[in-house]
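See below for the structure under consideration.
Basis for what follows: all heavy atoms, side chains included, without hydrogens, waters or symmetry-related copies. First the proteins, then the strands, lettered A, B, ... as listed; each starts at 1. Every value quoted in this text rests on a predicted model; they were computed, and no experiment measured them.
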2 protein chains.
Amino acid sequence: MGFEEAPFDVVEASRRVWLERWDEPAAASGMAVYTAILRSYQLLADQVNDVVRAHDLTFPRYEVLTWLATDPDSSLSLSWISKTLRIPPATVTNIIDRLEDDKLVRRVPHPSDARTTLAEITARGRRVADEATEDLNASVYERIGLSEAKRNRLVDLLAELRAKGSEFDVERSGEVIEEVRLRQADHRRSASA
Amino acid sequence: MGFEEAPFDVVEASRRVWLERWDEPAAASGMAVYTAILRSYQLLADQVNDVVRAHDLTFPRYEVLTWLATDPDSSLSLSWISKTLRIPPATVTNIIDRLEDDKLVRRVPHPSDARTTLAEITARGRRVADEATEDLNASVYERIGLSEAKRNRLVDLLAELRAKGSEFDVERSGEVIEEVRLRQADHRRSASA
DNA sequence: GACGTTTGCTACGAGCTCGAAGTAATCTGC
DNA sequence: GCAGATTACTTCGAGCTCGTAGCAAACGTC
């Protein structure tokens with residue numbers, strides 16, 4: 001799948017070098033954490049990229065498309081996308097340009113604030129998003145080599161790491177997510193009525 | 001440090017959407033694992049990049065330089081670098097070009113195989129590598145917000161994930177690392193003799 | 001209601017990544 | 001000892017990221 005086995009575990013090898021050379025256990029373990037995350041990221045990103053590329057997407061384009069597909073209004077402002085997916089504004093512009101070229105998304109002016117523009121998913125975009133997600137689920141996500149219990153432990157440890165590094169607003173996160181879910185539930189109820 | 005807090009935890013929010021929409025727990029947990037790794041990677045990479053940039057390096061350049069700095073011969077073949085650091089050959093060429101421009105590394109022909117060229121670290125390169133590492137240790141690695149016990153648990157879980165995804169040769173990894181350490185120990189002994 | 005500040009987006013450009021094709025050296029099988 | 005395959009590296013070019021600068025709309029203050 002686009003990569004070869006390395007001859008040995010680079011994380012473990014570096015950790016030993018660090019312990020011997022820098023004599024500060026916290027530096028060695030921190031380096032190991034970063035290197036392990038980097039390598040794991042590369043391993044999974046390779047697989048994910050292969051899948052989304054088969055649907056004529058890149059991962060950032062797929063990510064944006066998926067958030068649009070699950071939004072009750074089918075549209076999000078470019079600045080919201082930039083903030084929550086942590087993509088610089090100039091990059092968001094480029095991503096939406098490409099998605100628009102492929103007719104998966106449409107730019108729409110914001111009804112009350114003329115400064116902001118919304119990206120709205122098209123029917124075609126929704127179809128592509130769903131197909132890509134099913135493929136990703138089956139080809140990558142369900143095949144990660146860890147038991148359900150270990151996946152949860154891993155996600156929890158990374159959540160703590162991110163929270164301590166203030167990657168997201170820990171205080172408000174829970175309620176914001178609840179708000180969003182309520183809006184979605186409302187939307188589904190009224191759509192099926 | 002170059003990023004703002006997101007309004008909520010994207011990993012947790014996506015996990016809930018997945019559970020409701022795709023009804024396959026393994027897909028939801030796998031997606032959460034990938035997203036958590038991606039976000040953690042971005043969080044730490046931002047910090048790491050800020051530090052190495054202050055030393056006029058990019059992370060891949062720093063990584064190569066560090067491996068050269070700890071090598072007993074102070075030199076590695078470009079193909080070895082490509083394989084073990086998982087960097088495509090064309091990218092290695094570019095990295096070594098830039099390091100050579102900055103006089104941190106020198107290209108040297110391989111003594112017995114005219115096809116392969118070695119990258120050899122210069123005195124200046126060694127100094128830059130050490131300074132950057134001290135800075136990274138103090139500014140990033142020692143400050144990761146997890147206890148020593150949790151760092152170890154995290155690194156172990158990621159090692160299992162990588163091993164199951166055959167990121168490295170599990171069978172041989174241990175002995176290869178031992179070999180390298182013996183060579184390094186030998187080298188130090190003879191250097192101080 | 002005018003003025004300075006903030007916010008949201010886009011245009012531009014420099015820099016990086018990496019697939020594909022090309023060149024040169026080496027190895028393999030006969 | 002030679003033809004064909006393999007290995008190592010480089011060149012080229014397309015595509016992506018993202019910092020910077022710019023513009024327009026909206027907001028806050030007086």
Between the protein and nucleotides 4-7 of chain C, which nitrogen or oxygen pairs are less than 3.5 angstrom apart?
unit_1 : atom_1 : unit_2 : atom_2 : d
C:dT7  : O4'    : A:R115 : NH1    : 3.4

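Distance A:L76 CG to C:dC9 P: 11 Å, rounded to the nearest Å. In this structure, B:L78 places its CG atom 16 Å from P of C:dA25, rounding to the nearest Å. The distance between atom CG of A:N94 and atom P of C:dC12, rounded to the nearest whole Å, is 13 Å. One interatomic measurement links the two molecules: CG of A:D97 to P of C:dT10, which rounds to 7 Å at whole-angstrom precision. Per the geometry, CG belonging to A:D46 stands 12 Å off C1' belonging to C:dC18, to the nearest Å.
The aromatic rings of B:Y41 and A:Y34 lie parallel to each other, their planes meeting at an angle below 30°, with 60° marking the opposite boundary.
Within the 4.0 Å cut-off from OP1 or OP2 of C:dT10, at least one side-chain nitrogen or oxygen of A:T93 is found.
One hydrophobic cluster, built from ILVMFWY side chains closer than 4.5 Å, cannot hold both A:L118 and A:L85; they sit in different ones.
Within 4.0 Å of A:R53, counting heavy atoms only, lies no atom of the nucleic acid at all. At a threshold of 4.0 angstrom between heavy atoms, the contacts of A:D113 are confined to the sugar-phosphate backbone, with no base atom among them. Among the atoms of the strands shown, only primed sugar atoms or phosphate atoms (P, OP1, OP2) are found under 4.0 Å from some heavy atom of B:A114. Residue contacts for B:P88: at a heavy-atom cut-off of 4.0 Å it reaches the sugar-phosphate backbone alone, with no base atom in range. Counting non-hydrogen atoms under 4.0 angstrom, B:T91 reaches a base of the nucleic acid.
In this model, a donor atom of one side chain and an acceptor atom of the other lie less than 3.5 Å apart for A:T133 and A:Y62. A side-chain N or O of B:N137 and one of A:W18 form a donor-acceptor pair less than 3.5 Å apart.
In 5' to 3' order, the nucleotides of DNA chain D bounding all contacts with chain B (an atom under 4.0 Å from a heavy atom) are D:dT7 to D:dT11.
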- [ ] Go through the steps for A:E12 and A:R16 under the test salt bridge (charged side-chain N to carboxylate O under 4.0 Å, His left out), then give the verdict.
- [x] CA-CA 6 Å; A:E12 176 58 17; A:R16 297 198 193 174; 2.9 Å; yes
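More than 12 heavy atoms of other residues, nucleotides or ligands shown are found within 6.0 angstrom of CG on B:D101.
For the pair A:T116 (side chain) and A:H110 (backbone), a donor-acceptor distance under 3.5 Å is absent.
Between B:L161 and A:L43, some side-chain heavy-atom pair lies under the 4.5 Å cut-off.
A residue-by-residue look at B:R98 and B:A90 shows that B:R98 has its nearest nucleotide of DNA chain C further toward the 5' end.
A:E120 pairs with exactly one of A:R107, A:K103, A:R106, A:R126 by the salt bridge (charged side-chain N to carboxylate O under 4.0 Å, His left out) rule, that one being A:R106.
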